[in-house]
Amino acid sequence: MRLRCLLLVLSVAAFSPAHSHSASDAYLTLSADAQNPRVLHGQWDIALRDLDFLLSLDDDGDGKVSWGEVRQHLPAIERYAYGRLAFGTGEAACTVTPLRRQIDDHADGAYVVLFFDVTCNRAESTGGSLKMSYSLFFDIDPSHRGIFLLHSKSGTSTAVLSPQNASVSLSTGP
Amino acid sequence: MFPVRPPPSLVFALLLAITAAAPAAALAPPYRPPYQPASDADLLQEVPSLEDPAVGAMRARRRTLDATPHDVRAALALANAYIDYSRQIGDAHYAGYAEAVIAPWTALPSPPAGVLLTQATILQYRHEFAPARELLERALRQDPRNAQAWLTSATLHMVQGNFAAASKACAQVTNTGGLELGLACLGNLRSYTGQAKQSLALLQHAETSSTGASAVYRGWVQGLMAETAERLGDWQAAESHYRAALEALPRDNFLLVAYADFLLDRGRPREVLPLLAAQSQSDTAFLRLALAADALHAPDSGRYTWTMAARFEALKARGSDYFGREESRFALRLGHDPQGALQLATRNWQVQRAPWDARVLLEAALAAHEPAAAADVIAFIKETRLEDPMVLALAQQLGALP
């Protein structure tokens, strides 16, 4: 039966172009330290749903991720996330120091919040043009976007980080 | 140079201060800062469960691909499973995962037809219709006997209101995929072009001659029959087809949302809440929950509206604007902003032209007292002889039809 064979392989997605969204976003905010020009404070909100796909957070497989399960996986989460965020230029080297981890409830679900400091060896690296490279999830989901916000003395600027726009130069000086 | 976009506005005020978690059961207060959960047992997020057979099947296909990473068939099997799941649960993440799975082949100078088709399906899912069309045409040049590519092409033409082109594509579906599939394609098409009665007969034929077909096929055809019955104003038949469709595909986000719209139109919002309770991660489903809560004057309706607004803002922040139909409806019904709704509906009409797209534009034009803004839609309705009592009633109210 020709029809039946064909119907078995037809993909349901072909039938309707209706989409339903909630694509993957993460929110990254950096704030220049008020006193120390070598330091930036960071907050990074990453969706638990995304992390579950990659790192299988749901240990008991019940379809729900608990705080205990998140805590269990925090070292893996941080290893993964901080491995995909880099600061520096040719001469300026910066270190990322992980701080506390919390949870934030966004409109589309719960996010783990990673707080961190970026400390650079030279003031001009944060005051001048410091390069930031971001590659969270891009290899498993090219439609992921990092919604980036930078607060500095000169005001606030924003960018949408994508595989095509994965690094930005931060200008935090006056 | 820092690539600067407009300074933060409401968008970021919302995004960074965002909260309001899982709807229905446990709506969080509209705002709370990041927190430390009180106990390890606190449940934070629903995720696909391993008990779901679809999840198990995706994992198995992933293992196959991991074992044979250069096998394009294994990659397509996994990518298509991700796309189906994305549609089923109304979560676009899986369309992104599918894109990553086929990336090694899409990067080739001349990807195989199957890869082009899957890539086109992902773009179509994101309403990137023009590039999706281009990929489909390339796929069909390589493999002119690919029935699924023809069917996808027909669907794409239909949603954009290109009915003559859709008719040609349906003829190719018949040539390459067989009579029954061709009838279903034509049946779908005729429901848009003043031949809904004939459409129903064709779909009926496609339905009965496919005994033993997959649940996906039955659910699809029953869903088309439900929409066609709605076009004929036969609410009873529409309802029984929706139920039959959902019997075949009980958790299909697209069908659930279409049935929810039917219930909202029929003044039955109370039934929408349990229907979509498990679908709140889908933005399309969430909008219907918000509309139902509003219609019921439910105590948590403000939170639904707030959360929906925040989700739209999040989409805007990432640069997506392929959500015009829903956003216009939201602006009109829950944002009480007819002008904004009209702008959104007008832009959406440039991209897609299904009956619902006509409807949101007419509703907004009526509410904004701008009948002239509906001229394009009215001309389209007359030209295509669209039958749809909901749409025609609006056109009459606008004084455009007798």
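Lettering follows sequence order; numbering is per chain, from 1. Everything quoted here is computed from the prediction, not taken from an experiment.
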Return the [atom1] to [atom2] distance between [X] and [Y], rounded to the nearest 0.5 Å.
X	Y	atom1	atom2	value
Y97(B)	S24(A)	OH	OG	6.0 Å
D108(A)	S282(B)	CG	OG	12.0 Å
K64(A)	L44(B)	NZ	CG	12.5 Å
W67(A)	Q36(B)	CH2	CD	5.0 Å
E313(B)	I147(A)	CD	CD1	12.0 Å

Query raised in the report: Do D104(A) and Y35(B) have a side chain donor and acceptor closer than 3.5 Å?
Result: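 No, no side-chain donor-acceptor pair sits under 3.5 Å.
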Query raised in the report: Side-chain donor-acceptor pair under 3.5 Å between H93(B) and D141(A), yes or no?
Result: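 The criterion, which ignores hydrogens and geometry beyond distance, is not satisfied for D141(A) and H93(B).
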Segment of [X] engaging chain B (4.5 angstrom heavy-atom cut-off):
X	answer
R100(A)	neither
S56(A)	side chain
D50(A)	both

Who among [options] has the most heavy-atom pairs with chain B under 4.5 Å?
options	answer
L48(A), I103(A), V113(A)	I103(A)
G63(A), G155(A), G146(A)	G63(A)
E69(A), H144(A), Q72(A), Q102(A)	Q102(A)
V65(A), L57(A), D52(A)	V65(A)

Where is the tightest heavy-atom contact between [X] and [Y], given as atom of each residue plus distance?
X	Y	answer
A317(B)	V160(A)	O-CG2, 3.1 Å
Q43(A)	P34(B)	NE2-CG, 4.0 Å
A107(A)	R311(B)	O-NE, 3.1 Å
P142(A)	G96(B)	CD-O, 3.3 Å

Query raised in the report: Is any NZ, NE, NH1 or NH2 atom of the basic residue among R318(B) and D25(A) found under 4.0 Å from an Asp or Glu carboxylate oxygen of the other?
Result: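 Yes.
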**Report entry** Heavy-atom neighbours of R59(B) CZ exceed 12 at 6.0 Å
**Finding:** no
Query raised in the report: Does CD in E46(B) sit with more than 12 non-hydrogen atoms of other residues, nucleotides or ligands closer than 6.0 Å?
Result: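 Not more than 12 within 6.0 Å, no.
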Query raised in the report: Given the options Q279(B), M308(B), Q88(B), E99(B), which has more heavy-atom pairs under 4.5 Å with chain A than any of the others?
Result: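 The option with the most such pairs is E99(B).
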Query raised in the report: Which of these passes side chain to side chain contact (heavy atoms under 4.5 Å, CB included) with S66(A): L43(B), D40(B), D42(B)?
Result: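 Only one of L43(B), D40(B), D42(B) forms a side chain to side chain contact (heavy atoms under 4.5 Å, CB included) with S66(A), namely L43(B).
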Query raised in the report: Who are the side chain to side chain donor-acceptor pair (under 3.5 Å) partners of R133(B), not counting sequence neighbours?
Result: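 S153(B), H157(B).
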Query raised in the report: With no hydrogens and no angle check, is any side-chain donor or acceptor of Q45(B) less than 3.5 Å from a backbone partner on A110(A)?
Result: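 Yes, Q45(B) side chain to A110(A) backbone: donor-acceptor pair under 3.5 Å.
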Query raised in the report: By a 4.5 Å heavy-atom criterion (distance strictly below it), what part of Y82(B) contacts chain A: side chain, backbone, both, or neither?
Result: side chain
